[in-house]
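These notes concern the structure reproduced below.
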Amino acid sequence: MIQEDRIHGSLYTSEAVFKDEMQRIFREGWVYVAHESEIPNRGDFVRRRIAGDPVVVIRAADERINVFVNRCAHRGNLLCAEDRGSTRAIVCKYHGWAYDLQGDLVDVPYPAGLTADRKGLGLTKLARIDQYRGFYFASFNENVMPLMEHLGKSAALIDRACEMSPTGKLKLNGGWVQHRFKSNWKMLPENDVDGYHVSFVHPSFAEAIRTRYDEAALLQSEEDLVSEARYWGMGHTEIDFSKAYKSVLGWFGCDEKRYPEYVANMVKSYGDEGARKRMTMGPPHACIFPNLFLAEGNIGMFEPISPTECIHWHTPMQLENVEQGVNDRFKRQSEGAMGPAAFLLADDAVIAERAQEAFGQSGGWLDLSRGMEREHEEDGVMVGHLTDELTNRGFWHHYRTVMAPAPKPARIVKAA
């Protein structure tokens, strides 16, 4: 179903494929779950879902974050019903069983009736938890590869986002917006790094704004577009607009005079050359396989629900130690690009849902060959024209590797 230059549409509709994805990709691999700034203090928690299972991400101590299945070990009731909050202990509202922040059962009402060993009645903890620059990932699989091996070269994309801040740290405290798509989840990472559709799906965006973004992505001839598609390996993909930006904060729709304090703090942290390079390139537009979206001034997540339904999450990226006007501008741009009445995300939802409807039951073959002959390697990263389908091919070829069945052991036939 996945060939070098095409894929089969049944990958978006099959219940069996979806079930296999939830196991191989979302349970056995690394999945982004939360940012450290969402749970800064002991007892702070947020709710998420992984492969259909509710989980709670909670800070147990200053440097320790746990991820538990959000389910009581007694009768399976949901423990944390709020999307976020803070607590000294995790207490089930059904029968009052209480767990500490390490997931251990510490109190049971009417304990004389409990015959089982408390040590075996703790919360189900995900097997592996790790972080890179405050981005926390988790896996149900004890034998999952090291996180840095999974991230590979794409760690540089997270670096680029974080280093928009003078301290190198982000704050995701602007609140999450969720959009429910009636489409398969894989359309989200595909579309979010597809540079070919922009001028056709989002023409009103180009008409409403006049910034350097126009020249980076919209309404240019094929020869004039200098932005690039990039495949970083391991399923991680990017649309790189940075070559189209020629001035400090041009990607932000302003110049350096608008926020002199921000510019000065960046220079203090990274030096004049390093600061100007970062502030000219701007934040990345990239997907970290399978579910993290570094969406320039936003951070996003992809949540599969069923073969034909998913949720697109996003929150405005906020920078630590910057003047309030900078973060306010990120919020306003987030509202304009990805909010409920925004220019971009609503268009993308329509396109995804039309595609899902068009697949029907048979699916058919989908062509991914555009630009195969002109993609090339630069420092271990595959590079193509902005309008090429390099990113989609990269995603699907890694997906094929992850989803490939494990080889069966050789059958030994004894001689008669």
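The structure displayed is predicted, hence computed values, not measured ones.
- Taking the six-membered ring for Trp and the full ring otherwise, the centers of His74 and Tyr94 sit at least 6.0 Å from each other.
- Open room surrounds OH on Tyr196; 12 or fewer heavy atoms of other groups in view lie less than 6.0 Å from it.
- The backbone N or O of Asn141 lies less than 3.5 Å from no partner atom in the side chain of Arg27, so there is not a single donor-acceptor pair.
- Side-chain contact between Met281 and Arg160: present, with at least one pair of heavy atoms (C-beta onward) separated by less than 4.5 Å.
- A heavy-atom distance below 4.5 Å is found between the side chains of Leu345 and His312.
- In this structure, Ile90 and Asp100 approach most closely via the heavy-atom pair CD1-O, 4.2 Å.
- Each of Phe302, Phe293, Tyr399, Phe26 was compared with Trp185 under the ring pair (Phe, Tyr, Trp, His ring centres under 6.0 Å) criterion, and only Phe26 meets it.
- Classification of Glu335 and Arg332 as a salt-bridged pair holds, one side-chain N sitting under 4.0 Å from a carboxylate O.
- Thr387 and Arg370 are linked by a side-chain donor-acceptor pair at a separation below 3.5 angstrom, with hydrogens and angles left out of the test.
- Counting heavy atoms from C-beta outward, Leu386 and Phe241 have side chains that approach closer than 4.5 Å.
- Between Asp367 and Arg6, no side-chain nitrogen of the basic residue sits less than 4.0 Å from a carboxylate oxygen of the acidic one, so the salt-bridge criterion is not met.
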For the pair Asp53 and Arg71, evaluate salt bridge (Lys or Arg N to Asp or Glu O under 4.0 Å) and give the outcome as yes or no after the intermediate values. CA-CA 9 Å; Asp53 281 330; Arg71 184 184 304 130; 3.3 Å; yes
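- Side chain to side chain, His236 and Glu238 fail the donor-acceptor criterion of an N or O pair below 3.5 Å.
- Smallest separation of non-hydrogen atoms from Ile2 and Leu11: CG1-CD1, 3.7 Å.
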Determine, step by step, whether Asp379 and Lys153 satisfy the salt bridge (Lys or Arg N to Asp or Glu O under 4.0 Å) criterion, reporting the C-alpha distance in whole Å, the side-chain angles of both residues, the deciding distance to 0.1 Å, and the verdict. CA-CA 10 Å; Asp379 299 323; Lys153 291 181 177 293; over 6 Å; no
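- No side-chain donor-acceptor contact under 3.5 Å links Ser269 to the backbone of Met266.
- A salt bridge between Arg59 and Glu38 is absent, with no side-chain N of the basic residue lying under 4.0 Å from a carboxylate O of the acidic one.
- At least one side-chain heavy atom of Cys162 sits less than 4.5 Å from a side-chain heavy atom of Phe135.
- For the side chain to side chain contact (heavy atoms under 4.5 Å, CB included) criterion with Val33, the lone passing option out of Val46, Ile50, Asn291, Ile65 is Ile50.
- Of the possible polar contacts, none joining the Lys169 side chain to the Pro166 backbone as a donor-acceptor pair under 3.5 Å is found.
- When all heavy atoms are compared, the tightest approach of Gly253 to Arg329 is O-NH2, 3.0 Å.
- With hydrogens and angles ignored, the 3.5 Å screen pairs a side-chain donor or acceptor of Trp30 with a backbone N or O of Met145.
- Side chain of Glu296 to main chain of His285: no donor-acceptor pair is present (N/O by atom type, distance under 3.5 Å, no hydrogens or angles).
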List the steps and the verdict of salt bridge (Lys or Arg N to Asp or Glu O under 4.0 Å) for Glu163 and Arg133. CA-CA 10 Å; Glu163 290 170 9; Arg133 300 199 71 159; 2.8 Å; yes
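- Distance alone, capped at 3.5 Å, is enough to place a donor-acceptor pair between the Arg278 side chain and the Gly274 backbone.
- The heavy-atom pair separating Gly134 from Gln131 by the smallest distance is N-OE1, 2.8 Å.
- In this structure, Arg48 forms a cation-pi arrangement with Trp176, its terminal cationic atom sitting closer than 6.0 Å to the ring centre and no more than 45° off the ring axis.
- Between Leu172 and Tyr32, the closest heavy-atom pair is CD1-OH, 3.9 Å.
- Taking a 6.0 Å sphere around CD of Gln324, one finds it holds more than 12 heavy atoms contributed by other residues, nucleotides or ligands.
- Under the 4.5 Å side-chain criterion, counting only non-hydrogen atoms from C-beta, Ile305 is in contact with Arg180.
- Summarising the geometry of Gln178 relative to Trp313, their closest heavy-atom pair is NE2-CH2, 3.6 Å, with the distance given to 0.1 Å.
- Tyr262 and Asn327 share no donor-acceptor pair across their side chains, judged by distance under 3.5 Å alone.
- A donor-acceptor pair is defined here as one N or O able to donate and one able to accept, closer than 3.5 Å; such a pair exists between the side chain of Thr391 and the backbone of Val193.
- Looking only at distances, a side-chain donor or acceptor of His179 sits under 3.5 Å from a matching main-chain atom of Met338.
- Inspection of the Gln102 and Asn66 side chains reveals an N or O donor paired with an N or O acceptor under 3.5 Å.
- Side-chain atoms of Ser334 never come within 3.5 Å of backbone atoms of Phe330 as a donor-acceptor pair (strictly under, hydrogens ignored).
- A distance-only check finds a donor-acceptor pair linking the side chain of Asn70 to the backbone of Leu79 [under 3.5 Å].
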